There are 2 protein chains.
Amino acid sequence: MARTRRSVTIIDVAKAAGVGVSTVSRVINNKGYVSEETHQRVSEVIDDLGYAQNLAARSMRSQQTNLIGLIMPDVTDPFCIELMRGVSRAIIELDYDLIIYTNGDIRRNDSNTRMQQYVSILNSSVADGVIIVIPLADDFPPVSPVVSIDLNINHPSGPAVIATNYQGVREAIDHLFELGHRRIGYIGGRMELMSGVQRQKAFEDAFKEAGLPLDDRLMLPGEFTFSAGYQRGLELLSLDEPPTAIFASNDQAAKGVYQAASELGFRIPDDLSVVGFDNIPEAAYMGLTTVDQHVEQMGYMGTKMLYRLIQEDDPEEDIYQIETTLVVRGSCQPFDH
Amino acid sequence: MARTRRSVTIIDVAKAAGVGVSTVSRVINNKGYVSEETHQRVSEVIDDLGYAQNLAARSMRSQQTNLIGLIMPDVTDPFCIELMRGVSRAIIELDYDLIIYTNGDIRRNDSNTRMQQYVSILNSSVADGVIIVIPLADDFPPVSPVVSIDLNINHPSGPAVIATNYQGVREAIDHLFELGHRRIGYIGGRMELMSGVQRQKAFEDAFKEAGLPLDDRLMLPGEFTFSAGYQRGLELLSLDEPPTAIFASNDQAAKGVYQAASELGFRIPDDLSVVGFDNIPEAAYMGLTTVDQHVEQMGYMGTKMLYRLIQEDDPEEDIYQIETTLVVRGSCQPFDH
DNA sequence: GTGCCGTGTGGAAACGTTTCCACATTCTTC
DNA sequence: GAAGAATGTGGAAACGTTTCCACACGGCAC
């Protein structure tokens, strides 16, 4: 429990070098006037003593850390990983460092509360700005730079990065229509999120505009997870008249559908067509037709936006939209009536 | 640049509740004597004002954060991602939170220096303990709890988690021997790391003990990356007498070999057998025969070890070894002389 | 009734920085 | 050659906490 650490401080360095603390600080941060000679001597002492800045003390005082915080529910989720890629690419360009906070699992009992808590903690403490992925908590203190990826339905205002979910799903369903499918199952996402709502709306509109009836039994709620996809997949495929195609609101759920289909003896695409959303890397291996929302790009753009926010040039767009594209692979087949 | 944030502090709360700061602190941390009535009142004020603790100030003073730090060169690398999975699983069990520091890319010019710097920064600043993945920097201040995954060759002492690299490679090469391969290419890893050294040693010993000559032209240095695997793969397959099999020191490099083989018209496994190391998730899709070092487990065990270190029960083992297992898939075929 | 312990509270020191201010010294410039 | 700018330096306040210490009050034992 106890931590006996007694590390080298700036004061130790100052004493050893025979200068004031402010001089050492100037050397470390390379700002203000310091003579070449003094700089040299202080640098040597720093090396000798193995001095390392205390981030806490520093950020407490200076309000500048060159650190961007990323808050995610689950570092294990492919969507999150892909997003991290983009953020990572951006921070390298910007010469920032990245600090990721996670409490490990979206399903952890007090997950939301903790996330919410950590937004303010990270923000007011340690990072210059924060990116929130999947903002499930519907309320957090409006402390300075925050960009969210996806949006909470109760806070549908920026700054945020979000895909054109509506168009993406419309395109996907039109694709299934063209292949002749009419009985299409829908496995939803989290309805606290804009993405979940928009995707569902698009699905419903597609049917309406095509003049086709919506079958309630084919539209099931989900939550963007493998297990929900699996459960709902089992339900749909166990119906007396199962759908000929299933649209899963993300690829994780689509994976669950694959699992369910395989267990119930449905072959994909022969007996069942499947479309997902996200285009996670695995989708390519699975041959899954899906809506690419360019997740890596979302992370990249979000970070760039945050950077502008930190620099206080207000970002030109409050909400940045990423265009989706339908990626057709082998998981869908024409259906003959 | 400037941060205008002026957040609610413990002092504001104290004033609003008409008590001293120490009382507020006692309420927040639930320690020491506070009357039921005062506790109530302070709690209300905290909610009203939307007060959030300043992590920096807190950890600066109290040295306890319930946060475990993870320091990684590259959140984009499959090995690192898999490791994160295990760490994530452990922190949920332990009811800790996780903070991941990364500077985005192992190849970033000053990567090592920064990593090294951040070990001490994170450690002395914000987290109760730190896990270092791929300790490339060969020296860092011996500040309190640190567990490393893999080992730097210049600091071959624990606490650390490392796979039985030697046995793993021996098994892999024996497998290739049994299939009749004698001309086996070797693409190495980073020789600053124990894993890189041990794998190479095992490769050499396998040949020696089998009484077979080692061909220098078939043993190339690498660095555990896709691009190195690709480059070295091209070199090996462009030899007058190319190898019939290639052992890549990790799966990323093996992926590079796949790329090189495909470009030069070598079919796997017909014209070339390939073995990797790590067993990253993609390996299953690729049909890559590889040595599983149970990376998720490494992360999990490392975190558990770190936890014991924080609690100051010295961990029973200084270095925890993870047993590797050979996973045979379709990337290798018998070779007839 | 004096002393001591348990409970409840507030003030102030300490943590390790950065930054503001004050003070020297040297270099320009008219 | 005097004024003012540029350069170089150190002291001390400030950041928001936790924790140590002091104090006050009531009750209980002797």
Side-chain angles (χ1 to χ4, degrees), chain A residues 1-42 46 49 51-67 120-126 128 143, chain B residues 1-42 46 49 51-66 117 120-126 141 143:
Chain A
M1 225 49 157
R3 300 209 308 198
T4 36
R5 95 170 52 109
R6 191 71 212 80
S7 45
V8 181
T9 78
I10 201 173
I11 299 177
D12 301 329
V13 174
K15 277 194 191 129
V19 299
V21 283
S22 25
T23 303
V24 177
S25 177
R26 277 187 290 263
V27 170
I28 292 164
N29 299 294
N30 245 326
K31 73 201 305 188
Y33 297 111
V34 180
S35 73
E36 184 51 45
E37 192 200 332
T38 309
H39 192 289
Q40 189 67 28
R41 193 167 71 252
V42 171
I46 286 177
L49 267 52
Y51 165 76
Q53 260 188 76
N54 182 317
L55 185 64
R58 160 165 214 233
S59 82
M60 187 169 124
R61 178 66 191 158
S62 85
Q63 317 285 65
Q64 256 278 2
T65 56
N66 258 46
L67 225 50
S120 21
I121 290 184
L122 254 198
N123 202 347
S124 68
S125 304
V126 113
D128 289 346
V143 269
Chain B
M1 226 49 154
R3 300 209 307 198
T4 35
R5 96 169 53 108
R6 191 70 212 81
S7 44
V8 181
T9 78
I10 200 173
I11 299 177
D12 301 329
V13 175
K15 277 195 192 128
V19 299
V21 282
S22 25
T23 301
V24 178
S25 177
R26 277 188 289 262
V27 169
I28 292 165
N29 299 294
N30 246 324
K31 73 201 307 188
Y33 297 111
V34 180
S35 73
E36 183 51 45
E37 192 200 332
T38 310
H39 192 289
Q40 189 67 28
R41 192 168 71 251
V42 171
I46 287 177
L49 267 50
Y51 165 75
Q53 261 188 73
N54 182 317
L55 185 65
R58 161 165 213 231
S59 83
M60 187 169 125
R61 180 66 192 161
S62 87
Q63 320 284 62
Q64 257 278 3
T65 57
N66 255 46
Q117 196 184 345
S120 20
I121 290 184
L122 255 197
N123 202 348
S124 67
S125 305
V126 113
V143 269

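What you see is a predicted model; the values in this text were computed from it and never measured. Reminder, nothing fancy here: chain letters follow the sequence lines and each chain counts from 1.
Where the helix from C:dG1-D:dC30 to C:dC30-D:dG1 starts and where it ends, the local axes point in directions that differ by 40°; five pairs per end, rounded to 10°.
Of all the heavy atoms in A:His39 and A:Val34, the pair that sits closest is N-CG1, 3.7 Å. The two atoms that bring B:Tyr51 and B:Ile10 nearest to each other are CE1-N, 3.6 Å, heavy atoms only.
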- Could you write nucleotides 7-13 of chain D as a row of B, S and -, 5' to 3', where a protein heavy atom under 4.0 Å of any base atom gives B, of only sugar-phosphate atoms gives S, and otherwise -? BBBBBB-

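When the nucleotides C:dT17, D:dT19, D:dG16 are ranked by their closest atom to the side chain of B:Lys31, D:dT19 comes out on top.
Protein atom CD of B:Gln40 is 13 Å distant from nucleotide atom P of C:dT9, rounded to whole Å. If you take CG of A:Asn29 and C1' of C:dT17, they are 9 Å apart, rounded to a whole angstrom. Atom P of nucleotide C:dC15 and atom CD1 of A:Ile11 are separated by 8 Å, given to the nearest angstrom. Atom CD1 of A:Ile10 and atom C1' of C:dT17 are 6 Å apart (whole Å). In this structure, B:Tyr51 places its OH atom 11 Å from C1' of D:dT18, rounding to the nearest Å. Rounded to whole Å, atom C1' of D:dT18 lies 10 Å from atom CD1 of B:Ile28. Put simply, CG on A:Asn30 is 12 Å from P on C:dT18, counting in whole angstrom units. Atom CD in A:Glu37 sits about 14 Å away from atom P in C:dT26, given to the nearest Å.
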Please list every donor-acceptor pair under 3.5 Å in which a side-chain atom of residues 15-27 of chain A meets a protein atom from a residue at least two apart or in another chain.
| residue | atom | partner | partner atom | Å |
| --- | --- | --- | --- | --- |
| A:Thr23 | OG1 | A:Arg26 | NH2 | 3.4 |
| A:Ser25 | OG | A:Asn29 | ND2 | 3.4 |

